[in-house]
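Report on the structure given below.
By convention here, the first residue in the shown sequence is residue 1.
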Amino acid sequence: MAAGGMYVGVYEFNPKAGSKIFRKNDRSKKNTGYVQADGSVWSQDVGDNHGESSWKRYRNKRDFEKDRREGTYDIDGKRLR
């Protein structure tokens with residue numbers, strides 16, 4: 001395992017490896033998502049209680065735009081809720 005990430009299959013969990021998109025043309029950190037090869041979008045959770053240590057996953061760009069997340073994950077890629 002690399003320093004700071006979990007391997008999912010043969011790939012290290014790294015949502016920032018995807019291409020960057022912005023919700024509603026807003027370039028703030030909380031409205032930034034990363035599109036993955038499977039079409040899902042990951043957004044870093046910037047809430048006060050999380051300390052940017054977890055990620056929100058959306059099924060696709062449309063769900064990201066509407067803020068309908070599929071789940072919340074920790075920094076290692078394990079689903080929290």
Side-chain angles (χ1 to χ4, degrees):
M1 184 181 306
M6 177 178 101
Y7 285 95
V8 179
V10 293
Y11 301 101
E12 183 178 356
F13 177 73
N14 183 10
K16 287 188 176 181
S19 58
K20 192 183 281 191
I21 63 170
F22 301 98
R23 183 184 296 136
K24 298 179 183 151
N25 222 8
D26 180 357
R27 295 187 178 270
S28 68
K29 194 168 189 177
K30 77 175 197 173
N31 287 314
T32 302
Y34 300 91
V35 181
Q36 306 303 304
D38 66 356
S40 66
V41 178
W42 291 78
S43 176
Q44 196 164 15
D45 195 347
V46 294
D48 293 336
N49 296 334
H50 301 291
E52 299 182 22
S53 63
S54 61
W55 290 85
K56 294 185 243 178
R57 182 181 187 272
Y58 301 86
R59 293 176 198 258
N60 52 43
K61 289 180 188 179
R62 184 176 182 171
D63 284 354
F64 174 68
E65 285 290 329
K66 295 181 180 278
D67 201 22
R68 292 187 299 205
R69 71 174 176 249
E70 181 266 332
T72 304
Y73 296 77
D74 68 7
I75 59 172
D76 294 324
K78 289 196 267 182
R79 186 171 180 152
L80 302 172
R81 42 184 173 275

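Using a 4.5 Å heavy-atom threshold, the side chains of Arg69 and Trp55 count as separate. Counting only heavy atoms from C-beta outward, the side chains of Lys61 and Val35 approach each other to under 4.5 Å. Here the side chains of Thr32 and Lys20 are in contact, with some heavy-atom distance below 4.5 Å.
Nearest heavy atom pair, residue Leu80 against residue Ser54, reads CD1-CB, 4.2 Å. Of all heavy-atom pairs between Asp74 and Phe13, the closest is O-CE2, 3.9 Å.
From Trp42, atom CH2 reaches atom CZ of Phe64 across 13.5 Å, with rounding to the nearest 0.5 Å. Rounding to the nearest 0.5 Å places CD of Gln36 at 13.5 Å from OH of Tyr58. Distance check, rounded to the nearest 0.5 Å: NZ of Lys56 to CG of Asp67 gives 5.5 Å. Separating the CG atom in Asn60 from the CG atom in Asp38 is a distance of 10.0 Å, to the nearest 0.5 Å. Between Thr72 atom OG1 and Lys78 atom NZ the span is 15.5 Å, to the nearest 0.5 Å.
In this view, Glu70 and Arg57, Tyr73, Arg79 satisfy the side-chain hydrogen bond (donor to acceptor under 3.5 Å, both in side chains) rule, not counting sequence neighbours. Applying the side-chain hydrogen bond (donor to acceptor under 3.5 Å, both in side chains) criterion to Arg68, with sequence neighbours excluded, gives Asp63.
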